[in-house]
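Here's the structure, in structure tokens; my notes come after.
Naming: A, B, ... by sequence-line order, numbering from 1 per chain.
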Amino acid sequence: DARVTQTPRHKVTEMGQEVTMRCQPILGHNTVFWYRQTMMQGLELLAYFRNRAPLDDSGMPKDRFSAEMPDATLATLKIQPSEPRDSAVYFCASGLGTGNGNQPQHFGDGTRLSIL
Amino acid sequence: DQQVKQNSPSLSVQEGRISILNCDYTNSMFDYFLWYKKYPAEGPTFLISISSIKDKNEDGRFTVFLNKSAKHLSLHIVPSQPGDSAVYFCAASGLGQNFVFGPGTRLSVLP
């Protein structure tokens, strides 16, 4: 059963440090999403790629967050510098995007980030 | 302003009874709706979907109902089982739009 793989599963670091989260989408999927789950907001969309091109990163604080897809098998989400308010679970999801918004996304198990 | 709302943060149901989870949306352009289930320390998993051309979709114990005029959908689980205890997210999308997720409802099925 194909799965989205996220690493690391847990990360604890001090504020001000750089954090890099990685995601391997399901082979053949052409869309990749980064979400953040917090107690108050549920699942917030941070960034969205189709065919490795960034299409929407309006949900991301641009001053400290960056998302890239160096190749079709790797997506990264970086935070620099990290702050305690960034503590959350970050999910990556992949899917087959045709532009009509009706394909379910497949989620990884998330990276639980704690910034001290 | 939340476009997808799940107004019940939690729900408890006795094993064997029906669980009904509700979801409301505000954007009339949404035409595709999904439910995801999430266990602790795991990512959400796709459960069931419905297109706006239908008002009901059934898959085993799970049925989703859509009331477009009320901008409301619900997920029915019959009969409920302890393994159904999880957080359930409602999500909606439209043409050219990404999915918007609700805040989730935590379902507890009591033995």
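With a 4.5 angstrom heavy-atom cutoff, B/Tyr36 touches chain A only via side-chain atoms. Contacts between A/Gln37 and chain B at a heavy-atom distance below 4.5 Å involve the side chain alone, from C-beta outward. Heavy-atom distances place the side chain of B/Phe89, and not its backbone, under 4.5 Å from chain A. With a 4.5 Å cut-off on non-hydrogen atoms, A/Arg112 does not touch chain B at all.
Looking only at distances, no side-chain donor or acceptor of A/Thr38 sits under 3.5 Å from a matching main-chain atom of A/Ala88.
With chain A as partner, the option from B/Ala92, B/Ser51, B/Ala41 having the largest number of non-hydrogen pairs under 4.5 angstrom is B/Ala41. Annotation: maximal heavy-atom pairing with chain A below 4.5 Å, among B/Asn98, B/Thr45, B/Val87, occurs at B/Asn98.
Relative ring orientation between B/Tyr32 and B/Phe99 is described as tilted, the plane-to-plane angle lying within the 30° to 60° band. The aromatic rings of A/Tyr35 and B/Phe101 sit perpendicular, their planes meeting at an angle over 60°, well past the 30° parallel limit.
Residue pairs satisfying the disulfide bond (SG atoms under 2.5 Å apart) criterion with at least one member in residues 7-111 of chain B, sequence neighbours excluded, are listed as follows: B/Cys23-B/Cys90.
Side-chain atoms of B/Asp24 and B/Thr26 form no donor-acceptor pair, as typed in the model, at a separation below 3.5 Å.
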